[in-house]
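The structure presented is a predicted model; accordingly, all values stated were derived computationally and were not measured.
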Amino acid sequence: MNGPTAEGRKLSRSFGWLALLGTLLVIAGVIGLVYTGVATLTSMLLFGWLLLVGGLVGLLHAIESRGTNYFWLGVVVAALNIAAGVVVIKHPEGTAEALTMFAALLFLTGGVFRLVGSVVVRGPQMGWTLLQGAFGLLLGLLVLFDWPHSSLYVLGCFFSLALLFDGLGLIAFGLGGRRIVSMVSERPDETAPTPDEPIKSPEDERK
């Protein structure tokens, strides 16, 4: 009896930690939506450090695999990641402006392709595709017309929304997991004999 109960408590505690992590992500996402400029700089610094650490790890991996055909390719890729990470960390504002311009161009091209494709193909999802294309085109134009000022809030808004939705997903997963664990732990074992019920032998079952 103690084994399943202890295991259930451990699982419930793990799901509780997931819900707590989700709550922290939701709080960070809400704060980021309020202070989008700070969220933009934070996301750029995180992006730069990820590039830098990834480049260092790739360089160590390339050194360990020296003598192979992919050694110099690994060194070049690692060096590019390290250089990009240093540039992003030193110039987060300029990086935010460049990435915002890139995002605006992606929205524009994606919206135009969806609009043209929906008109040419005329499939069953034509209305939905037209709506997506118009929304992407409008969003790209809004970001592009307000550039470079839009770089202060666009990336931070996207970063904060990602934190918010990831946090909500973790909260739902953690609370749902705890509820399932509690239901399974409270359910009695139907196959086990009760204390008042005698254990039947195979001969008694044949009778």
Side-chain angles (χ1 to χ4, degrees), residues 17-18 21-117 129 132-170 173:
W17 282 112
L18 282 179
L21 177 60
T23 304
L24 294 177
L25 290 180
V26 168
I27 294 174
V30 172
I31 294 175
L33 289 175
V34 176
Y35 302 100
T36 52
V38 177
T40 299
L41 293 179
T42 303
S43 62
M44 289 298 96
L45 291 175
L46 287 176
F47 180 57
W49 280 108
L50 285 176
L51 286 174
L52 184 59
V53 173
L56 292 175
V57 172
L59 183 60
L60 292 176
H61 182 69
I63 292 175
E64 289 179 355
S65 61
R66 58 183 178 275
T68 61
N69 296 328
Y70 303 100
F71 169 71
W72 288 110
L73 178 62
V75 170
V76 171
V77 172
L80 290 176
N81 285 334
I82 292 173
V86 172
V87 171
V88 172
I89 293 172
K90 283 190 173 183
H91 306 283
E93 296 88 353
T95 305
E97 292 179 2
L99 290 179
T100 303
M101 173 65 75
F102 182 69
L105 294 177
L106 280 181
F107 288 137
L108 284 174
T109 54
V112 169
F113 275 113
R114 282 192 176 92
L115 288 174
V116 174
T129 308
Q132 285 182 322
F135 180 75
L137 185 62
L138 178 62
L139 185 60
L141 290 174
L142 290 176
V143 174
L144 193 60
F145 288 158
D146 198 30
W147 189 86
H149 182 263
S150 59
S151 62
L152 297 177
Y153 58 86
V154 170
L155 298 178
C157 184
F158 290 162
F159 179 67
S160 302
L161 287 175
L163 289 178
L164 182 62
F165 287 115
D166 287 344
L168 291 175
L170 285 177
F173 184 72

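Between the CG atom of Leu155 and the CG atom of Leu41 there is a distance of 10.0 Å, given to the nearest 0.5 Å. Taken from CG in Leu59 to CD in Glu64, the straight-line distance is 10.5 Å, to the nearest 0.5 Å. With rounding to the nearest 0.5 Å, the separation of CG in Leu45 from CD1 in Ile89 is 7.0 Å. Taken to the nearest 0.5 Å, the NE2 atom of His61 stands 14.5 Å off from the CG atom of Leu56. Residue Leu137 holds its CG atom at 6.0 Å from CG of Leu115, rounded to the nearest 0.5 Å. Between the CZ atom of Phe107 and the CG atom of Leu144 there is a distance of 12.0 Å, given to the nearest 0.5 Å.
Shown here are the ring-ring contact (aromatic ring centres under 6.0 Å, His included) partners of Phe173, two or more places apart in sequence or in another chain: Phe15. Listed by chain and number, the residues in a side chain to side chain contact (heavy atoms under 4.5 Å, CB included) with Leu80 are Val76 (sequence neighbours excluded). Residues that satisfy the side chain to side chain contact (heavy atoms under 4.5 Å, CB included) test with Ser43, not counting sequence neighbours, are Phe159. Taking the side chain to side chain contact (heavy atoms under 4.5 Å, CB included) definition, one finds that Ile31 meets it with Ile27, Tyr35, sequence neighbours left out. Applying the side chain to side chain contact (heavy atoms under 4.5 Å, CB included) criterion to Leu33, with sequence neighbours excluded, gives Cys157, Ser160, Leu161, Leu164.
Residue Trp147 places its CH2 atom among more than 12 non-hydrogen atoms of other residues, nucleotides or ligands, all under 6.0 Å distant.
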Using residues 93-105 as the side-chain source, report each donor-acceptor pair under 3.5 Å to any protein atom, sequence neighbours left out, with the distance given to one decimal.
from	atom 1	to	atom 2	distance (Å)
Thr95	OG1	His91	O	2.8
Thr100	OG1	Ala96	O	2.6

- [ ] Check the pair Leu170, Asp166 against side chain to side chain contact (heavy atoms under 4.5 Å, CB included), reporting the backbone distance first and the verdict last.
- [x] CA-CA 6 Å; Leu170 285 177; Asp166 287 344; 5.6 Å; no
